[in-house]
Amino acid sequence: MPNHTSKPLVLVDGSSYLFRAFHALPPLTNSHGEPTGAMHGVLNMLDKLRKDYDPEHMAVIFDAPGKTFRDDMFPDYKANRPPMPDDLRGQIEPLLDIIKAQGYPLLIIPDVEADDVIGTLAQEYAGKVIISTGDKDMAQLVDARVHLINTMSGLYSDPAGVVEKFGVAPERIRDYLTLIGDTVDNVPGVNKVGPKTAVKWLAEYGSLENIMAHADEFKGKVGEYLREALAHLPLSYELVTIKCDVALDCSPEALTFTPPDVDKLHALYERYEFRTRLAGLGKETPPNLPLSGEEQEGGASGSPPDKGELEGVSSAEGVSYQTILTQADLDTWLQRLQAAAEFAFDTETTSLDYMEAQIVGVSFAINAGEAAYLPLAHDYLGAPPQLDRDATLAQLKPLLEDPALRKIGQNLKYDRSVLLNHGIELRGIAHDTMLESYVLDSTANRHDMDTLCAKYLNHTNISFIDIAGKGKNQLTFNQIALEQATPYAAEDADMTLQLHQHFWPQLQALDAQRKLYEEVEVPLVSVLSSIERNGVKVDATMLAKQSKELETRMQEVVKQAYAAADQEFNLASPKQLGEILYTKLGLHAPRKTPKGQPSTAEDVLEELAAQGHELPTLILEHRGLAKLKSTYTDKLPEQINPRTGRVHTSYHQAVASTGRLSSSDPNLQNIPIRTEEGRRIRQAFIADTGNKLLAADYSQIELRIMAHLSGDKGLLDAFAHGLDVHRATAAEVFGTPLAEVSIEQRRAAKAINFGLIYGMSAFGLAKQLGVDRRDAQDYVNLYFARYPGVKQYMDDTREQARAQGYVETLFGRRLFLPDIQSKNAATRQYAERTAINAPMQGTAADIIKKAMIAVAAWLRDSGLQTRMIMQVHDELVFEVPEAELETVRAQVTALMTTAVTLDVPLVVDSGVGDNWDEAH
DNA sequence: GGAGTCACG
DNA sequence: GACGTACGTGACTCCA
């Protein structure tokens with residue numbers, strides 16, 4: 001925190017804030033359409049600085065237009081800078097006029113950049129100096145006397161702060177910047193050297209000078225790049241150096257405030273419609289100003305300029321964002337929300353961890369362009385008094401829990417969880433814009449709000465990084481000033497509403513998709529949220545013991561590998577391994593990776609191992625052990641929530657293009673099962689005391705769906721008679737009686753069946769089976785001769801994809817495939833394989849989602865204590881009190897079996913145990 | 001941050 | 001004749 005004991009000289013880097021405010025704030029304008037956002041931003045920051053430091057000496061410094069001495073040194077300097085946007089250019093002149101009229105000393109020195117003016121003034125002043133800037137280069141000026149404050153993020157930097165942020169001391173910042181270079185200003189550094197390498201080198205060699213002196217010691221590609229850069233580094237060093245000795249005709253002591261020019265300010269405020277400031281001047285407000293924002297909540301008139309535009313951020317074009325700070329304002333909004341047909345809302349919180357997040361504020365929108373932010377827990381120094389959080393949430397609770405009040409949100413699964421942390425059960429989830437976007441186009445890369453706004457509303461949202469910073473110094477929302485929090489949070493609610501208004505008519509026009517959205521995706525939100533919050537009990541002690549055992553075995557393998565290679569190397573590095581296998585030992589590389597490296601992938605090493613080489617066998621064993629240890633036995637215990645003692649994953653509902661869910665942090669959908677060693681990890685997934693785990697999974701669901709979609713008689717019959725489908729396939733393809741199918745034949749048939757689901761080629765099947773390609777082709781031909789319906793379905797699907805540009809699941813979930821028309825054969829074939837696979841994988845996903853909703857509804861209505869705790873694509877896992885086991889097992893199986901009706905029976909297998917392994 | 005690898009369905 | 005070669009995910013390590 002700033003030191004207030006002696007009054008410092010405050011120097012403001014106006015140019016840096018001008019750009020940042022312009023990009024960070026919404027495009028506010030006055031009623032004539034003149035942009036004012038950047039002006040608001042800079043003026044609010046000046047208010048804040050003056051209030052925080054109460055300086056006697058202060059100056060606001062801007063770059064002068066035109067060239068500077070740096071351009072003379074290096075003609076390409078700043079050549080990469082985009083031209084200034086017109087909307088920003090127009091704000092500069094009036095902003096400077098206002099700053100001058102407010103009485104701030106304003107410095108714009110021709111031929112000298114603002115940085116150098118600031119550096120020189122800081123140098124000349126005897127006492128403490130605070131430089132307010134958003135520019136990282138300024139860190140080179142920091143010492144015991146000169147500190148930085150980033151007034152937008154609140155980050156304060158003294159020498160220790162610089163070390164923390166950059167990893168080097170202020171004296172080495174110029175060395176650091178020189179090595180890295182600056183692409184925006186077009187200052188060349190060392191190719192491929194970024195912050196990490198720069199810090200590492202400086203830690204090792206102490207200074208740029210010493211690095212350059214020992215340039216021949218640097219190995220590899222970067223070493224070459226460093227030596228190439230030697231010639232231009234001195235110039236770059238000059239360019240990044242802030243001059244502290246430019247000629248100024250004023251001394252820092254002369255930088256004092258002048259009395260405000262009230263008449264001039266009045267005229268400017270009126271012109272740009274800064275009503276709160278106008279009111280602060282104490283003159284009478286003319287009655288003919290256009291209304292927006294402020295007037296609705298009243299009480300703004302006469303507020304001191306300190307409060308800035310806090311009590312109502314507004315502009316023309318109908319955008320009005322309000323801050324709710326009084327019970328009267330809250331009452332007004334509660335009434336409006338209660339009366340609205342539906343409304344959008346969004347929560348701001350202390351954390352992205354849905355189990356731990358606490359509410360900082362809530363925003364609401366009922367009509368597009370009009371929103372309010374209700375701050376409840378901003379606790380930065382100087383934060384204005386806010387309504388009491390618990391008392392206010394208690395007033396919101398009846399609205400949020402009313403199933404008849406329709407809510408719209410973006411990723412409401414998160415908001416539901418956050419509200420539950422405060423004892424509020426969100427009901428009336430009507431729309432989730434993330435899911436609207438996903439159902440309309442699952443192949444879009446991202447469905448987050450910033451992406452959707454940019455894509456569909458042509459609107460750039462305020463970026464969270466701009467108001468909170470990034471990295472480990474990122475602020476949490478409670479530390480964000482209300483001046484910035486309100487436009488950000490209110491915009492979230494407003495944009496959610498506008499996105500919904502954009503998507504909803506499109507969905508309504510598509511019957512199957514609308515139904516999928518309303519009957520599957522939206523109801524699933526609460527189900528997934530409950531599964532996440534239920535969590536899974538994991539035995540950390542058991543995993544720790546396994547970690548130790550794995551470690552011991554790995555060390556043995558490493559020793560043997562060093563002996564086999566006749567040298568030490570990193571077994572985990574594909575690059576080093578490749579060199580040893582293919583260069584040193586002279587083995588023949590069976591194939592290369594897509595990037596051209598000789599491959600060391602599992603199947604390749606297995607092939608080499610089969611040829612009798614020792615090292616590949618050891619590597620495979622080491623990899624297996626390392627994977628289990630690092631991903632599972634080491635990491636899972638760290639992810640146990642100390643409060644609940646359980647692991648809480650996140651299920652993503654809008655990630656997989658086929659309609660599946662995905663799971664992360666931790667991923668509970670890829671816990672090992674295929675090896676004995678791996679299954680031990682499943683044994684650490686346990687039931688709570690008095691409970692058992694119940695695992696229920698669909699048997700062969702994708703093949704059953706293939707039978708249903710294709711309508712192939714033979715395949716349908718096989719399932720209808722409850723046959724082992726791989727055995728039945730083998731009997732057909734190899735012309736053997738069912739009872740005489742060999743193990744080998746069944747294995748081949750199984751590979752064919754899987755291959756079909758994936759849209760395989762004969763080549764792929766041959767590789768999988770280890771047979772000749774012609775033999776594989778024979779199998780495929782035989783298969784299609786026996787199951788002509790499947791062949792027809794595959795051909796029809798590819799044709800449909802080509803004709804319409806998308807494929808659909810049984811329930812109308814669409815997956816777009818623009819690449820199906822590609823001229824590039826590889827790209828096109830990839831799209832064709834996806835076309836074959838997506839309807840089957842996607843239909844399976846639709847079915848289990850329907851089953852989850854049905855099971856969750858039954859569990860809720862039955863009053864049982866059983867909890868659904870995991871979904872793994874075709875499997876659901878429950879934690880069941882022993883007394884409920886029989887009932888739950890029977891009913892879960894029944895509900896999953898009858899979730900949908902197909903032309904084939906659905907079969908569900910289930911198991912019960914004390915741990916997940918036993919339950920299989 | 002990309003590439004390579006490997007865990008699951 | 002060449003293209004590349006079975007779908008969908010997430011996490012870890014290496015290396016720049």
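Since the structure is predicted, the reported quantities are computational estimates derived from the model, not experimental observations. Just so it is clear: chains get the letters A, B, ... in the order the sequence lines come, proteins before strands, and each one is counted from 1.
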Base of dC6(B) paired with side chain of Lys627(A) (donor-acceptor, under 3.5 Å): yes
Below 3.5 Å, does any donor atom in the side chain of Gln669(A) face an acceptor in the base of dA7(B), or the other way round? no
Tell me whether the side-chain N/O atoms of Arg674(A) come closer than 4.0 Å to OP1 or OP2 in dG9(B).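 For Arg674(A), the contact criterion (side-chain N or O under 4.0 Å from OP1 or OP2 of dG9(B)) is met.
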Under 4.0 Å from OP1 or OP2 of dA11(C): is there any side-chain N or O of Ser630(A) that close?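 The answer is no; no side-chain N or O of Ser630(A) sits under 4.0 Å from OP1 or OP2.
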Can you figure out which of [options] approaches the side chain of [X] most closely?
X	options	answer
Ser657(A)	dG10(C), dG9(B), dG8(C)	dG8(C)
Tyr632(A)	dC15(C), dT5(C), dA7(B)	dA7(B)
Leu620(A)	dC6(B), dG10(C), dG9(B)	dC6(B)
Arg682(A)	dC8(B), dA6(C), dC14(C)	dC8(B)
Lys635(A)	dT5(C), dG10(C), dC12(C)	dC12(C)
Arg623(A)	dA11(C), dC6(B), dT5(C)	dC6(B)
Tyr830(A)	dA6(C), dT13(C), dG8(C)	dG8(C)
Arg660(A)	dG4(C), dT5(C), dG8(C)	dG8(C)
Val655(A)	dT9(C), dC7(C), dC3(C)	dT9(C)
Tyr758(A)	dC7(C), dA11(C), dG8(C)	dC7(C)

Please state how far atom [atom1] in [X] lies from atom [atom2] in [N], giving the value in whole angstrom units.
X	N	atom1	atom2	result
Asn667(A)	dC12(C)	CG	P	10 Å
Phe754(A)	dG9(B)	CZ	C1'	9 Å
Lys200(A)	dA16(C)	NZ	P	9 Å

Using only atom types and a distance under 3.5 Å, with no angle test, would you say the side chain of Asp819(A) pairs donor to acceptor with the backbone of Arg828(A)?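 Not a single qualifying donor-acceptor pair exists.
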Note: [X]-[Y] ion pair, threshold 4.0 Å (strictly below):
X	Y	answer
Glu551(A)	Lys548(A)	no
Lys635(A)	Glu638(A)	no
Lys850(A)	Asp846(A)	no
Lys627(A)	Glu677(A)	no

For nucleotides dC8(B) and dA6(C), find the distance between their C1' atoms and express it as a whole number of Å. 16 Å
When you compare dG4(B) with dG4(C), how far apart are their P atoms, in angstrom units rounded to a whole number?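 So the two P atoms sit 15 Å from each other.
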Could you spell out the base pairing of DNA chain C as a dot-bracket line? Use Watson-Crick and G-U wobble contacts where both distances are under 3.5 Å, [ ] for crossing pairs, | for partners on a different strand. ......|||||||||.
Taking the inter-plane angle between the rings of Tyr354(A) and His648(A) on a 0 to 90° scale, is it parallel (under 30°), tilted (30 to 60°) or perpendicular (over 60°)?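 Aromatic pair Tyr354(A)/His648(A) classed perpendicular.
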